[in-house]
Protein chains: 2
Amino acid sequence: MNGGLELTVGDDARRVEKTVGPSEGRAAKSARAPITPLIVEEKPICRHAIADLVSEVALTAPPSFASSLSEALKVAGARAPDLLLVDLFSVSFDFDGLRRLILASRAPAVAIDDRPNPSFAGLARMAGAQGYASKNYELDTFRAVIRAVIEGGAHFPRETSAARQRRTDVSGPSLGLSPRQMDVLKCIAVGMSNQQIATSLGITLGTVKLHIHAILRLTGTRNRTEAALIAGRFLAPTIED
Amino acid sequence: MNGGLELTVGDDARRVEKTVGPSEGRAAKSARAPITPLIVEEKPICRHAIADLVSEVALTAPPSFASSLSEALKVAGARAPDLLLVDLFSVSFDFDGLRRLILASRAPAVAIDDRPNPSFAGLARMAGAQGYASKNYELDTFRAVIRAVIEGGAHFPRETSAARQRRTDVSGPSLGLSPRQMDVLKCIAVGMSNQQIATSLGITLGTVKLHIHAILRLTGTRNRTEAALIAGRFLAPTIED
DNA sequence: ATATGAATATAACTTTGGTTATGCATGCGC
DNA sequence: GCGCATGCATAACCAAAGTTATATTCATAT
């Protein structure tokens, strides 16, 4: 694949937390057997690129593809992949679906995000992913994430872990929202319906509505659309920091 | 997964109208000189894939890259590209910016869309692009579009030409929406309720709902919140007026 | 140990949003 | 002139969003 020169002004500064654990992940099989990746991604052009990246960092068998998590579950059963690369928004973000795919296939997963801000990194981690990469990451970062996961480690944006552990977060400019409320807000901010949010987060429709009610009160907005617009401006700076 | 949200997208997205004109485009230089592409796309992984696709269908020099239209304008001045491949939503959809880039570089352009529905194909064409491809297209279709444009032809989704061409008020970026629909969209984009919109525009609640229904269909969105998010990026320049 | 407060959860109920069928006016091709 | 497409309008109907009351868990301050 051709190299090409980059004329961009790189904003990089993607600070990441890399946690390479002792090689024990399933994919870390003595480092030389070919890996069978399963790529869950609906856009053909991105499938192509992801497959290419994986083949750059490891010896791979021809990858399997799926356009949705449900399709991926079937494929995983048939092909027993060693490594998952999952677009978080193929169809829509689906927390439970992602978790089930990871559990069922018992392979380490790289969560791939269409959006520039790693708002969903925490959820991806909670769903069992071993790594997170936004499509806005530089290719080197992308490769580093894949490599780390293949080697049995983990690779997430810096603030992903800490924020979840303790809700006594004095630091975060969190608008006074609880972690769960933030999860819901992030979903609102990508245009998901209440039912989709409920499915994604594994809670009831009624509970979603309650969280949204609280969010509207706390953010001083009158409906989800206003909240989404606020969140767009609010989440963006928060994440980039 | 349950049998609910299948989101059947782009029923018509694959049927295309191919219009290979007489080879006269600037890129059609005797068919064998290497082409210098300029790729305007903010996601590194997509840049990579697009560059790869172009190199598959034509002999290319190393491509230039830009993350935004303004950056692209500078690069075009310095590198004089033969072929533009422009993501319509790098930063946000910018009709005038796209047109200026195409005029300034005097190179044929392939408009590349992040979204599954070719809602923006008409606008891309009106802005001077020679081809349109959604990232949800199969790679073969993608290659066909690029090839057609390189050879001096055009390649757009079928319904693009007729329906959109006749609009007389070609003043601004209008998303293919009628004036009234634009009024309503602007209201949605600031979080107004249907009743507020009705009062504000002096029409009935039912009429507002009809307009919104049409807007959702034309923009390929599923609810007002998604529409607002799109509009937020798309109206950004316009909305001040 | 126990009262307090905050976060999470659920369901019944009301309001708003989104869909569909239909009618009327204007502009354009034949 | 006439047919026909298009934009604007309306209301009835069903689905989704938003509100309210209530219960459970858990940390922590009396």
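Numbered from 1 within each chain, the chains take letters A, B, ... in sequence-line order.
- In this structure, NE2 of H211(B) is placed 14 Å from P of dA11(D), rounded to the nearest angstrom.
- One can place CE of M192(A) at 15 Å from C1' of dA16(D), the figure rounded to the nearest angstrom.
- Minimum interatomic distance between A228(A) and A189(A) (heavy atoms only, all atoms of both residues): CB-CA, 4.2 Å.
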Step-by-step salt bridge (charged side-chain N to carboxylate O under 4.0 Å, His left out) determination, D87(B) to K135(B)
CA-CA 9 Å; D87(B) 183 306; K135(B) 285 180 188 169; 2.8 Å; yes
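- Distance CG (N223(A)) to C1' (dT15(C)): 12 Å, rounded to an integer number of Å.
- When each of dA9(D), dT8(C), dG18(D) is scored by its nearest atom to the side-chain atoms of R180(B), the top-ranked nucleotide is dA9(D).
- When the options I39(A), V40(A), I50(A) are evaluated for a side-chain contact (heavy atoms from CB on, under 4.5 Å) with I112(A), the one that passes is I50(A).
- When the nucleotides dG17(C), dA17(D), dA11(D) are ranked by their closest atom to the side chain of R224(B), dG17(C) comes out on top.
- Using a 4.0 Å heavy-atom cutoff across all strands shown, T207(B) reaches at least one base atom of the nucleic acid.
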For nucleotides 19-26 of chain D, list the nitrogen or oxygen atoms of the protein found under 3.5 Å from its nitrogen or oxygen atoms, one pair per line.
| residue | atom | partner | partner atom | Å |
| --- | --- | --- | --- | --- |
| dT19(D) | OP2 | H213(A) | ND1 | 2.5 |

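- In terms of heavy-atom proximity, A72(A) sits nearest to L38(A) at O-CD2, 3.8 Å.
- Atom CD1 of I188(A) is separated from atom P of dG17(C) by 15 Å (rounded to the nearest Å).
- Of all the heavy atoms in F156(B) and A129(B), the pair that sits closest is CZ-O, 3.2 Å.
- With rounding to whole Å, Q181(B) atom CD is found 12 Å from dT6(D) atom P.
- For L205(B) and dT15(C), the CG to P distance is 14 Å, given to the nearest whole Å.
- For the residue pair R47(A)/S67(A), the side-chain donor-acceptor check at 3.5 Å is satisfied.
- Between N194(A) and dA17(D) there is a side-chain polar atom (N or O) within less than 4.0 angstrom of OP1 or OP2.
- With I215(A) as the fixed residue, the side-chain contact (heavy atoms from CB on, under 4.5 Å) test singles out one of R224(A), Q181(A), M182(A): Q181(A).
- The CG-P distance, from L218(B) to dT6(D), rounds to 12 Å in whole Å.
- L201(B) places its CG atom 15 Å from the C1' atom of dG7(D), with the value rounded to the nearest Å.
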